[in-house]
Number of protein chains: 2
Amino acid sequence: MKIDPNSPADLSAQIAKAIHDAIMSGALPVDERLPSEAELAEQFAVSRPTVREALKRLAAQSLIRTQRGATGGAFVNRLRFEDAYAQQITTSTLLLSMNDVSFATACEARYALERACAPLSAQRRTPDHLATMRAECFRQSQPGLTDEAFCASDVAFHRALVDGAGNPVLSYQLAGAVEAMQPLMNMITFTARSRERIVALHTDIADAVEAQDGAATAAALTALEAETQMLAQSVFEARAGKTK
Amino acid sequence: MKIDPNSPADLSAQIAKAIHDAIMSGALPVDERLPSEAELAEQFAVSRPTVREALKRLAAQSLIRTQRGATGGAFVNRLRFEDAYAQQITTSTLLLSMNDVSFATACEARYALERACAPLSAQRRTPDHLATMRAECFRQSQPGLTDEAFCASDVAFHRALVDGAGNPVLSYQLAGAVEAMQPLMNMITFTARSRERIVALHTDIADAVEAQDGAATAAALTALEAETQMLAQSVFEARAGKTK
DNA sequence: CAATTTTCATTTGTCAGACATTTAAAAGTC
DNA sequence: GACTTTTAAATGTCTGACAAATGAAAATTG
């Protein structure tokens, strides 16, 4: 694990990369303790603040965790699905907001991914998943519900559908796509008020999942995607009309 | 943008979170210049090294970039798909290697996601995508190909299929899943030598894509998944036999 | 006056040394 | 033996300083 002593700048980035590669290659197993900051500084022939900057880079990616005290130090961190969710959501949200991704493109991707879960979820969903979906449908049909609560319920509904597949890797992949769409979805539900149709389509999905019919679940999701795309288009057209 | 002055520890994490939230909320637009490190230190009432640690955390997530010199500083970075790919691959790889995810679970997720692209790719693939798939099939049929080259070609083939959908959000999501599977896939192809069957299934996929038949593409992917799972099981059984 | 060169101020990158705080193990005490 | 105190090790933070890069302003030159 060495760095190039002739590259004068970005020493902390080089050190971070060296440790990063060591973790990725498996040379540093989970819960392994790294040398202390002072020892690392000596090994890499840099000062302690530089080492610390490198360690903070790794900590930001959840690759290590640090602990104070006598037996403390930096330890290789077991990356958990919950930590990965958060990073995935951040990344997906920024990608959508910073790269002029059209709503149509994002929506298409989201429903394509969700349809990938449909057959698995229809087959394996527990009564608990189904109950959550039914409960969220009921909540969404309440008249007094705020827009924020409606959106949150929407996310919970789709989350239950995805988790029903019983595959944590799929859940992880979908979490980012669904959550990142949330701000865009809000733009629509805050404007166009067509909750009845949405709730009806959600109910169709729940029915198909209850019947354990994967094809019907996928078809219901396609219908919901079409409805969402239509709603979005009408919202965008209304805005275009206003601004001219 | 403030931090809690009463929490003594992890000041850099608090500062990083404050700036992180400001970027996520859109309060700091792309290419906006943050205050200099000295100014940030004064604003947050901490020292410059602490501010620097916070900035390095953000830089590790590609949220900011820094530039030296008179007009330099830290700027909000436009997160590009290429940067996101790298993070996605790192995260997915570590998730699989650190969480005892079974090959069956990872493989199921990967092919489920890939099937999500199948109809879109069959419909929209350009002649270029198709040519890439055909070329990789041909390469895979060459007898002298090393195992490493065969695996790389496999990734390129599936990459072309996914990119054929013409949806960068889908490509981003799939990149991690496919690349992270690569080490696990290597374990199998390095052991079980059944390239003919794999190439035949790849050719089936290319045929279905050429015919722009989404359902046939999905079906061919399902066949390839079944073959992969079967291969994996035989490999694991052989290993279990050896060790006892 | 215009073009070029030089100077300079600003900002990040790095270093050295110091002190505070946390933590667990070791030593001491009843 | 159980409890308390001490101690050492490690991270967290601060101060002050210098180096290096870089663009802009000032000085110089044709």
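Numbers restart at 1 for each chain; the letters A, B, ... are given by sequence-line order, proteins then strands.
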Worksheet, complete the sentence: note: A/Glu42, atom CD; C/dC15, atom C1'; distance rounded to Å ~ 15 Å
Fill in: Separation of D/dA19 C1' from A/Asp10 CG (nearest whole Å)
15 Å
Fill in: Given DNA chain C, 5'-ward residue of the pair B/Pro49 and B/Ala38, judged by closest heavy atom
B/Ala38
Worksheet entry | Whole angstrom value for the distance that separates C1' of C/dG13 from CZ of B/Arg65 | 18 Å
Fill in: N or O in side chain of A/Thr66 less than 4.0 angstrom from D/dG12 OP1/OP2
yes
Worksheet entry | Derivation and outcome, side-chain contact (heavy atoms from CB on, under 4.5 Å), residues B/Glu225 and B/Arg115 | CA-CA 10 Å; B/Glu225 178 186 357; B/Arg115 268 195 302 274; 3.0 Å; yes
Discussion item. Nearest whole Å is fine: how far is D/dC14 P from B/Glu37 CD?
Written reply: 14 Å
Worksheet item: Taking CZ from B/Arg68 and P from D/dA19, how many angstroms apart are they, rounded to a whole number?
Response: 13 Å
Worksheet entry | Nearest-angstrom distance from the residue atom CG of A/Leu40 to C1' of D/dG12 | 16 Å
Worksheet item: Do NZ/NE/NH1/NH2 and the carboxylate oxygens of B/Glu53 and B/Lys56 come within less than 4.0 Å?
Response: no
Worksheet, complete the sentence: Those residues at least two apart in sequence (or on a different chain) that pass ring-ring contact (aromatic ring centres under 6.0 Å, His included) with A/His202 are A/Phe157, A/His158
Fill in: Distance, rounded to the nearest Å, where B/Gln14 contributes CD and D/dG12 contributes C1'
12 Å
Worksheet item: When you measure from the side chain of B/Val46, which nucleotide among D/dA20, C/dC15, D/dC14 comes out closest?
Response: D/dC14
Worksheet entry | Nearest-nucleotide comparison on DNA chain C, the residue closer to the 5′ end among B/Ser36 and A/Gln67 | B/Ser36
Worksheet item: B/Phe75 CZ to D/dG23 C1': how many Å, rounded?
Response: 12 Å
Practice prompt. For the side chain of A/Ser47, starting at C-beta, report the closest nucleotide among D/dC14, C/dT14, C/dT11.
Written response: C/dT14
Worksheet item: OP1 or OP2 of D/dG12 less than 4.0 angstrom from a side-chain nitrogen or oxygen of B/Ser12, does that happen here?
Response: no
Worksheet entry | Residue-phosphate contact under 4.0 Å: A/Arg52 side-chain N/O, D/dT11 OP1/OP2 | no
Worksheet item: Got a salt bridge between A/Glu108 and B/Arg124, using NZ or NE/NH1/NH2 to carboxylate O under 4.0 Å?
Response: yes
Worksheet item: B/Glu53 or B/Arg48: which one's nearest nucleotide on DNA chain D is closer to the 5' end?
Response: B/Glu53
Tabulated below should be each protein N or O lying under 3.5 Å from an N or O of nucleotides 5-10 of chain C; please produce it.
| from | atom 1 | to | atom 2 | distance (Å) |
| --- | --- | --- | --- | --- |
| C/dT10 | O2 | B/Ala70 | N | 3.3 |

Worksheet item: Between A/Asp10 and A/Lys17, does at least one N-O distance fall below 4.0 Å, as a salt bridge requires?
Response: no
Worksheet item: B/Asn99 side chain to B/Leu95 main-chain N or O, any donor-acceptor pair under 3.5 Å?
Response: yes
Worksheet entry | Worked check of side-chain contact (heavy atoms from CB on, under 4.5 Å) between A/Glu136 and A/Arg159 | CA-CA 11 Å; A/Glu136 297 301 339; A/Arg159 188 62 195 258; over 6 Å; no
